[in-house]
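No experiment lies behind these values; they were computed from the predicted model shown. To find a chain, count down the sequence lines: A is the first, B the second, and so on, and within it residues start at 1.
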There are 2 protein chains.
Amino acid sequence: MNDIRVLLVDDHPVVRAGLRAMLSDFEGITVAAEAADGGAALAELSRLHTLGEPADVVLMDLQMGAGMDGVTATGRIKAGDAGQPAPPVLILTTYDSDADILAAVEAGASGYMLKDAPPEQIRQAVVAAAAGQTALAPEVAARLLGRIRNPEPALSAREIQLLELVATGLGNRAIARQLFISEATVKTHLVHIYGKLGVDNRTAAISVATQRRIIRRF
Amino acid sequence: MNDIRVLLVDDHPVVRAGLRAMLSDFEGITVAAEAADGGAALAELSRLHTLGEPADVVLMDLQMGAGMDGVTATGRIKAGDAGQPAPPVLILTTYDSDADILAAVEAGASGYMLKDAPPEQIRQAVVAAAAGQTALAPEVAARLLGRIRNPEPALSAREIQLLELVATGLGNRAIARQLFISEATVKTHLVHIYGKLGVDNRTAAISVATQRRIIRRF
DNA sequence: GCCACGATCAACCTTTTGGTTGATGCCCGG
DNA sequence: CCGGGCATCAACCAAAAGGTTGATCGTGGC
């Protein structure tokens, strides 16, 4: 039986070297190519495709220093931008924030592993992905289950817009003027936001919203 | 001439494997041991010491999933907790925030490299550290030089520490308790911070400090 | 049609922050 | 050895933010 052909996508040379070394030690897995960002990953997939030796699995980091990020790249791959059939994409990243997980799954990822996972767990995930199955790190699975059991209230578009202004350091009065509403309304919105995020002041709200990637970071 | 004996300290097996593979490819460098957190690093250093083959350089990550963090471990090593003479500690991490850099340098680190650096740069840094020299990543050096030329945002270490607590959403009272100082002192620090950053409230301070990467956020 | 919910506003009150002034002790560099 | 930056604290006042209640007006769903 042929080896599973893996494409590594990570912007850190150190991490790529580590994965290459780690995966090479396993039977039945070969690193077919590497890419430092999403754009390069698409190009590599196309290249492998035309060579007649397409990748069986893509191991993708989410955070890229520059170039196309992992979520976008995953979406593009699953959309067939790098040739059909699109290989399974296994996310291998450092963080397990709700927003990251959800975004990756929505983009079509078939697994989500953390970089601090033991090698054997990563190997199993690669094998599972190649077989068309999904593989979630235990931490990630627990998080998803917990989220389904008690879903968190979503912020309305207006509330997010307001929160973004709060994050720039504006006071309630300035926010009111900017949105053409009264200061009282700003305060009402804030109370609702605090309730939904489980906090009781604006800085804590920004902290939570940033960590959950509800608002964009700077 | 003997090889430079390196101790790897990183909580990610993948990264350790990558560094091991990368450093092994270089002439004159040997990976003597590995540790997954600061506590294990101290133990490994002691062990190597008693074996009569002490480490020449410690390659240390700052962020550890669990156990002793990199800054604390660096401080302990330089304090001689793992035997004298203390080997040079070269920080190899993902982020280059002012807060991280300052803390590491204060703890006694003799270099600061970023994980996305090209292999050759890392090799040179290891060699330099082993020779008792300091090695800063170009990005880090540029930031430090920029700060010297522009004495504008010269936040003290204490002020940065305080600002980080502010960014988590804590109130002045909570910050005071956490730092074992009075609320009055917290307010005084904040006034100084606002002055240096050119703002007049805590959220604006966080916004500016995050953009200037004085504090880190994710 | 009615109900739920989001967005809007007002009045009122409490708590937290911000701003100022002034003071002490420490350590470093000229 | 003296000035200056840093860290610490206090008291006080003004402003902003937080919390509560209650209200109006659309819109979209059942």
Would you tabulate the nitrogen or oxygen pairs shorter than 3.5 Å linking the protein to nucleotides 15-19 of chain C?
from, atom 1, to, atom 2, distance (Å)
C/dT16, OP1, B/Arg173, NH2, 3.4
C/dT16, OP2, B/Arg173, NH2, 2.6
C/dT17, OP1, B/Asn172, N, 3.4
C/dT17, OP2, B/Asn172, N, 3.3
C/dG18, OP1, B/Tyr194, OH, 3.0
C/dG18, OP1, B/Arg202, N, 2.8
C/dG18, OP2, B/Tyr194, OH, 2.7
C/dG18, OP2, B/Arg202, NH1, 3.1
C/dG18, N7, B/Lys187, NZ, 3.4
C/dG18, O6, B/Lys187, NZ, 2.7
C/dG19, O6, B/Lys187, NZ, 3.4

Are any non-hydrogen side-chain atoms of [X] and [Y] less than 4.5 angstrom apart?
X	Y	value
B/Val6	B/Ile29	yes
B/Arg158	B/Leu179	yes
B/Lys187	B/Asn172	yes
B/Met60	B/Leu90	no
B/Val9	B/Val58	yes
A/Ile122	B/Val14	yes

Legend entry - Bend angle of the helix from C/dG1-D/dC30 to C/dG30-D/dC1, from helix axes over five pairs at each end, nearest 10°: 50°
Compile the donor-acceptor pairs under 3.5 Å between side chains in residues 37-54 of chain B and protein atoms, sequence neighbours left out, one pair per line.
from, atom 1, to, atom 2, distance (Å)
B/Asp37, OD2, B/Gly39, N, 2.9
B/Glu44, OE1, B/Arg47, NE, 3.3
B/Glu44, OE1, B/Arg47, NH2, 2.9
B/Ser46, OG, B/Leu42, O, 3.2
B/His49, NE2, B/Gln84, O, 2.9
B/Thr50, OG1, B/Ser46, O, 3.3
B/Thr50, OG1, B/Arg47, O, 2.8
B/Glu53, OE2, B/Arg5, NH2, 3.4

Can you check nucleotides 4-7 of chain D for protein contacts, nitrogen or oxygen pairs under 3.5 Å, and list what you find?
from, atom 1, to, atom 2, distance (Å)
D/dA7, OP1, B/Ser156, OG, 3.1
D/dA7, OP2, B/Ser156, OG, 2.7

Inset, instruction - Just do the side-chain contact (heavy atoms from CB on, under 4.5 Å) check on A/Ile91 and A/Asp61 with the steps written out, would you? - result: CA-CA 6 Å; A/Ile91 303 297; A/Asp61 190 12; over 6 Å; no
N/O donor to acceptor pairs below 3.5 angstrom from side-chain atoms of residues 65-73 of chain A, sequence neighbours left out:
from, atom 1, to, atom 2, distance (Å)
A/Asp69, OD1, A/Thr72, OG1, 2.6
A/Asp69, OD2, A/Val71, N, 3.0
A/Asp69, OD2, A/Thr72, N, 3.3

Inset, instruction - Round to the nearest Å and state the distance from A/Ile175 atom CD1 to C/dT8 atom C1'. - result: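 From A/Ile175 CD1 to C/dT8 C1': 16 Å.
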Legend entry - Non-hydrogen atoms of B/Phe26 and B/Pro119 that approach each other most closely: CZ-O, 3.7 Å
Inset, instruction - Could you tell me whether a side-chain N or O of B/Tyr112 sits under 3.5 Å from a main-chain N or O of B/Ala137, the two making a donor and an acceptor? - result: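 It does not hold such a pair.
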Legend entry - Sidechain-backbone polar pair: B/Thr30 side chain, B/Ala32 backbone, donor-acceptor under 3.5 Å: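 No, because the side chain of B/Thr30 does not come within donor-acceptor range (under 3.5 Å) of the backbone of B/Ala32.
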Inset, instruction - Take nucleotides 21-30 of chain C nucleotide by nucleotide from the 5' end and write B, S or -, depending on whether a protein heavy atom sits under 4.0 Å from the base, only from the sugar-phosphate, or from neither. - result: ----------
